[in-house]
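I have placed the structure first, in the form of structure tokens, so that the comments after it can refer back to it.
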Amino acid sequence: MHDPMARAAARLRETQLRVTVQRMAVLTAIEELGGHPDAEAVRGRAQEVTGGLSLQATYNVLRVLTDVGLVRCTQITGQQARYEAERHDNHHHFVCRFCGDIINVDCVIGEAPCLVADLSESYRVDEAAVTFWGACPRCAPAEHG
Ligand SMILES: [Zn+2]
Ligand SMILES: [Zn+2]
């Protein structure tokens, strides 16, 4: 068993989740792919370890990992859900309208939730997730041409 898989196993144990090859492989795939892969990309990578892994099984594992806070799931309108390792850094996302690229945007102001919501004090806000939309550097020139 190579190192990333052992690390994934340790992280699963910390959350009290049963350690399975599928869960280790999916968690490792997300770490190794980096960025914001969708379930199909995660499945492709995880399959190198698990052999046949259905898309449904991949979604099931992703949901479990998201529920325990090891994985962060981001829903972007008009796209498949995207996954990344949860680092609790309260980052936001920039989405390019043209190529669909997603990049991380650091916490906007200071610490979580980093934005002031117009809510009465009886609401306790602990997180804000903002999606910025626009054109990435690769797509911006085309927009003007
Ligand atoms: Zn773009
Ligand atoms: Zn992100």
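Atoms within each ligand, like the ligands themselves, are counted from 1 in listed order. Just so we're clear, the structure is a prediction, and the values are computed from it rather than from any experiment. This chain uses plain numbering: 1 for the first residue, then up along the sequence. Only this structure's heavy atoms are used, side chains among them; waters, hydrogens and symmetry mates stay out.
One N or O on the side chain of Arg23 and one on the backbone of Arg18 form a donor-acceptor pair closer than 3.5 Å.
Between the OE1 atom of Glu84 and the NE2 atom of His36, the angle taken at the Zn ion (ligand 2) works out to 90° after rounding to 10°. Around the Zn ion (ligand 2), the two atoms NE2 of His91 and NE2 of His93 are separated by an angle of 100°, to 10 degrees.
Checking Thr74 against the Zn ion (ligand 2), every N/O/S atom stays at or beyond the 2.8 Å cut-off.
In this structure, Val49 and Met5 have side chains that are in contact, with non-hydrogen atoms separated by less than 4.5 Å.
Each of Arg72, Glu84, Gln79, Arg82 was scored for a side-chain hydrogen bond (donor to acceptor under 3.5 Å, both in side chains) with His36, with one residue passing: Glu84.
If you check the side chains of Asn104 and His91, you find a donor sitting under 3.5 Å from an acceptor.
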